[in-house]
**Student:** 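Provided herewith is a single structure, encoded as structure tokens, for subsequent inquiry.
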Amino acid sequence: MGADRPTNLAIMGIGTIGKRHLMAIQAIDTVNVCGVVDISEEAKSYCKNRDIPIFHNLSELKKAQIVNGVVISTPTVMHKKNALSALNLGLDVLIEKPISANISQAEDITELANKKKCMVLVGHQRRFNPVVIKTKEIISENKIGTVVGLSGIWALHKDKEYFTPDWRKKNTAGPVITNLIHDIDYLRLIFGEILEVSSFASNKVNNFEKEDILCVNFKFKSGILGNFLITDSGTSPWAWETGTKENIHLPHLNENNLRIIGTKGSLEFPNLIMWQYKTGGKNWKNELKKVYIECETVDPYISQIKHFDDVICRKVKPITDASEGKQNLKIALSILESARKNCIVKI
């Protein structure tokens, strides 16, 4: 691999997120898609129209192509099987979040990766967004004082077609595992570890196995308290994707869905707006001013693939390795456990 020889990546699963990874790969000169593993007729047609080689399994692909790494973008319940097949072939993997369906599976992936001396990068692409990096900097530099709390909303109404596949109706594909796990990752990065969670959930809209709406309270190691309301069955402008243009299929509404409260000010996120006292202000009797903070705009999926390329070349270690992916999954599963058992769960 080098300037005259691109990194060859295989994609396992060419559904919605697999296509998003493909777009990112095709935007990078030093990375190439060498083939797709998918057995659906839709995938075969999609790849044929784009002259992309498609195979029934990874072993078949590896025999026909030079492969340096694998992007796993199949349903969560297939992550372990797909990851183990790639690792057994000695290939580094980028696994879409969550790393697996349960903790035991995550540990199996980690164990085999260590045995084969392979790298695991879990797809929490928001870590590459300058907004997240800038927010961590603002908090670290104490610009809003000591953070005491935060409150977030993720509320979008997914279309009926989204739930056509049966696996999207299961607990392993609800909005906590599919969407909130991203927020869990950046919250941990910015504010530190989460110690306890308590939550309530309902599936009264669709009556699927998975939750339709859930609200959760967080207790951080630092003493910060927070909450998040998440639903894939409600209409609102408040979601990360509609605020950042990250999902190219959704409208860009430029609204903020998280508020961070400090002793000296507050911050709206992800379109950063800082609220601070005007000169000399110290408490609620004083006026506040609004400060807009500019951030560079990048495609985090492209940044993530570039990072994966560097991981494969052993230039860097994965920014979200298997242990990070496992911890995010553990918190997400603890949230669902809390709702199911109606109790506080210690992480």
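Note that the structure is predicted; figures quoted are calculated from it, not measured.
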**Student:** Would you say the side-chain atoms of S151 pair up with the backbone N or O of R259, donor to acceptor, closer than 3.5 Å?
**Tutor:**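 Looks like no, no N/O pair under 3.5 Å.
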**Student:** Do L225 and K219 make a side-chain contact, defined as non-hydrogen atoms from C-beta onward lying under 4.5 Å apart?
**Tutor:**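 Yes. Closest side-chain heavy atoms under 4.5 Å.
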**Student:** Using side-chain contact (heavy atoms from CB on, under 4.5 Å), reason through T172 and W167 one step at a time and then give a plain yes or no.
**Tutor:** CA-CA 8 Å; T172 50; W167 62 269; 6.0 Å; no
**Student:** Please examine the side chains of V147 and I190, heavy atoms only from C-beta on, and report whether any two atoms are closer than 4.5 Å.
**Tutor:** no
**Student:** Taking all non-hydrogen atoms of both residues, which atom of A201 and which atom of E211 are closest, and how far apart?
**Tutor:** CB-CB, 4.2 Å
**Student:** Please say whether more than 12 non-hydrogen atoms of neighbouring residues, nucleotides or ligands are located less than 6.0 Å from NZ in K221.
**Tutor:** no
**Student:** Can a donor-acceptor pair be found, under 3.5 Å and without considering hydrogens, that links the side chain of D309 to the backbone of I305?
**Tutor:**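 Such a contact is absent between D309 side chain and I305 backbone.
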**Student:** Per the ring-ring contact (aromatic ring centres under 6.0 Å, His included) rule, what does the pair list look like for residues 14-44, sequence neighbours excluded?
**Tutor:**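 Sorted pair list: H21-Y301.
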**Student:** Which residue in the set I72, V70, V37, L58 passes side chain to side chain contact (heavy atoms under 4.5 Å, CB included) when paired with N82?
**Tutor:** I72
**Student:** Is it the case that atom NZ in K19 sees more than 12 heavy atoms from other parts of the structure closer than 6.0 Å?
**Tutor:**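 Atom NZ in K19 is crowded, with more than 12 foreign heavy atoms closer than 6.0 Å.
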**Student:** When you look at I184 and R188, which way does the side-chain contact (heavy atoms from CB on, under 4.5 Å) test go after all the steps?
**Tutor:** CA-CA 6 Å; I184 290 168; R188 289 181 56 233; 4.2 Å; yes
**Student:** Considering only residues two or more places apart or on different chains, which pairs with a residue in residues 118-145 satisfy ring-ring contact (aromatic ring centres under 6.0 Å, His included)?
**Tutor:**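 Every ring-ring contact (aromatic ring centres under 6.0 Å, His included) pair that includes a residue of residues 118-145, provided the two are not neighbours, is H124-H182, F128-H307.
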**Student:** Are V120 and V93 close enough that some pair of their side-chain heavy atoms sits under 4.5 Å apart?
**Tutor:**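 Counting from C-beta outward, V120 and V93 do come under 4.5 Å.
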**Student:** Heavy-atom distance under 4.5 Å between the side chains of W275 and K290, does that happen here?
**Tutor:**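 A side-chain contact under 4.5 Å exists here.
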**Student:** Any side-chain heavy-atom pair from M12 and S85 closer than 4.5 angstrom?
**Tutor:** yes
**Student:** Who are the side chain to side chain donor-acceptor pair (under 3.5 Å) partners of K210, not counting sequence neighbours?
**Tutor:** D212, D232
**Student:** Which ring-ring contact (aromatic ring centres under 6.0 Å, His included) pairs, counting each pair once, include a residue from residues 67-98, with sequence neighbours left out?
**Tutor:** none
**Student:** Under 4.5 Å between side-chain heavy atoms, hopping through other hydrophobics if needed: is there a path connecting V71 to I181?
**Tutor:**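 No, V71 and I181 fall in different hydrophobic clusters.
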**Student:** Taking I52 as the starting point, is it possible to reach I54 by hopping between hydrophobic residues whose side chains are less than 4.5 Å apart?
**Tutor:**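 Yes: a chain of side-chain contacts under 4.5 Å links I54 to I52.
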**Student:** Between R340 and E337, does at least one N-O distance fall below 4.0 Å, as a salt bridge requires?
**Tutor:**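 Judged by the 4.0 Å cut-off on N to carboxylate O distance, R340 and E337 do not form a salt bridge.
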**Student:** Taking all non-hydrogen atoms of both residues, which atom of G69 and which atom of I312 are closest, and how far apart?
**Tutor:**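 Minimum heavy-atom separation between G69 and I312: CA-CD1, 3.9 Å.
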**Student:** Is the number of heavy atoms from other residues, nucleotides or ligands within 6.0 Å of CD (E111) greater than 12?
**Tutor:** no
**Student:** Calculate, to the nearest 0.5 Å, the distance between atoms CG and OG belonging to L150 and S266 respectively.
**Tutor:**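 Atom-to-atom, L150:CG and S266:OG are 12.0 Å apart.
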**Student:** Side chains of L258 and D183: does their closest heavy-atom pair fall under 4.5 Å?
**Tutor:**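 When only atoms from C-beta onward are counted, D183 and L258 do not touch, as no gap falls below 4.5 Å.
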**Student:** Would you list the atom pairs, donor with acceptor, under 3.5 Å between side chains in residues 244-255 and any protein atom, with sequence neighbours excluded?
**Tutor:**
{"unit_1": "T244", "atom_1": "OG1", "unit_2": "W240", "atom_2": "O", "d": "2.9"}
{"unit_1": "T244", "atom_1": "OG1", "unit_2": "W240", "atom_2": "NE1", "d": "3.4"}
{"unit_1": "T244", "atom_1": "OG1", "unit_2": "E246", "atom_2": "N", "d": "3.3"}
{"unit_1": "E246", "atom_1": "OE1", "unit_2": "W240", "atom_2": "NE1", "d": "3.0"}
{"unit_1": "E246", "atom_1": "OE2", "unit_2": "Q125", "atom_2": "NE2", "d": "2.7"}
{"unit_1": "N247", "atom_1": "OD1", "unit_2": "H249", "atom_2": "N", "d": "2.9"}
{"unit_1": "H252", "atom_1": "NE2", "unit_2": "G243", "atom_2": "O", "d": "3.4"}

**Student:** Which heavy atom of C343 sits nearest to which heavy atom of S338, and what is that distance?
**Tutor:**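 Taking C343 first and S338 second, the nearest heavy atoms are O-OG, 2.5 Å.
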**Student:** Would you say D51 has more than 12 foreign heavy atoms packed within less than 6.0 Å of its CG?
**Tutor:**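 Incorrect, the count does not exceed 12.
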**Student:** So if you build clusters from Ile, Leu, Val, Met, Phe, Trp, Tyr with side-chain heavy-atom gaps below 4.5 Å, do W238 and W154 land together?
**Tutor:** no
**Student:** Working to the nearest 0.5 angstrom, can you tell me the gap between L9 CG and N68 CG?
**Tutor:** 7.0 Å
**Student:** Test salt bridge (Lys or Arg N to Asp or Glu O under 4.0 Å) on R168 and E161 and set out the steps.
**Tutor:** CA-CA 10 Å; R168 281 185 169 155; E161 290 74 21; over 6 Å; no
**Student:** Partners of R127 by side chain to side chain donor-acceptor pair (under 3.5 Å), sequence neighbours excluded?
**Tutor:** D185, E324
**Student:** Hey, is E287 close enough to K278 for a salt bridge, meaning N to O under 4.0 Å?
**Tutor:**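 Salt bridge flag = yes for K278 with E287.
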**Student:** Mark yes when over 12 heavy atoms from residues, nucleotides or ligands other than E141 sit less than 6.0 Å from its CD; otherwise mark no.
**Tutor:** yes
**Student:** Please step through side-chain contact (heavy atoms from CB on, under 4.5 Å) for the pair K80 and D108, ending with a clear verdict.
**Tutor:** CA-CA 8 Å; K80 176 187 173 181; D108 289 342; 2.8 Å; yes
**Student:** Does the pair D310/K306 count as a salt bridge with the N-to-O cut at 4.0 Å?
**Tutor:**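 Between K306 and D310 there is no salt bridge, as every charged N stays at least 4.0 Å from the carboxylate O atoms.
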**Student:** Just checking N207: does its CG atom have more than 12 heavy atoms from other residues, nucleotides or ligands closer to it than 6.0 angstrom?
**Tutor:** yes
**Student:** Do N179 and K158 have side chains that approach each other closer than 4.5 Å (heavy atoms only, starting at C-beta)?
**Tutor:** yes
**Student:** With a 6.0 Å cut-off (strictly less than), is the heavy-atom count around OH of Y162, excluding the residue itself, greater than 12?
**Tutor:**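 Yes, enclosed.
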**Student:** Do you reckon F220 sits in the same ILVMFWY cluster as L189, going by side-chain contacts under 4.5 Å, direct or chained?
**Tutor:** yes
**Student:** If you round to the nearest 0.5 Å, how far is CG of L187 from CD1 of I331?
**Tutor:**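 Reported value, rounded in 0.5 Å steps: 9.0 Å.
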**Student:** Run the numbers on T135 and I260 for side-chain contact (heavy atoms from CB on, under 4.5 Å), then give the verdict.
**Tutor:** CA-CA 10 Å; T135 300; I260 304 159; 4.0 Å; yes
**Student:** Flag yes if more than 12 heavy atoms outside I103 fall under 6.0 Å of its CD1 atom; otherwise flag no.
**Tutor:**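 Result for CD1/I103: enclosed.
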**Student:** Under a 4.5 Å side-chain heavy-atom rule over Ile, Leu, Val, Met, Phe, Trp and Tyr, are V197 and L333 clustered together?
**Tutor:**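 Yes; L333 is reachable from V197 via cluster members.
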**Student:** Side-chain contact test, heavy atoms from C-beta onward, threshold under 4.5 Å: evaluate it for I293 versus K134 and give yes or no.
**Tutor:**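 They are in contact (side-chain heavy atoms under 4.5 Å apart), so the answer is yes.
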**Student:** In Å, rounded to the nearest 0.5 Å, how long is the span from CG of N114 to CE of M119?
**Tutor:**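 Spacing of CG (N114) from CE (M119) equals 9.5 Å.
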**Student:** Which class fits the ring pair F218 and F228: parallel under 30°, tilted 30 to 60°, perpendicular over 60°?
**Tutor:**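 Perpendicular: the ring planes of F218 and F228 meet at over 60°.
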**Student:** Within this structure, what is the CD1-CG distance for the pair I99 and L121, rounded to the nearest 0.5 Å?
**Tutor:** 10.0 Å
**Student:** In terms of side-chain geometry, is the basic nitrogen of E60 or K63 positioned less than 4.0 Å from the acidic oxygen of its partner?
**Tutor:**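 Looking at K63 together with E60, the answer is no, because their closest N to O distance does not fall below 4.0 Å.
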**Student:** Would you say N203's side chain and E209's backbone share a donor-acceptor pair under 3.5 angstrom?
**Tutor:**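 Answer holds: no.
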**Student:** Taking atom CG of L180 and atom CG of N328, what is their separation to the nearest 0.5 Å?
**Tutor:**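 Reported to 0.5 Å precision, the distance equals 10.0 Å.
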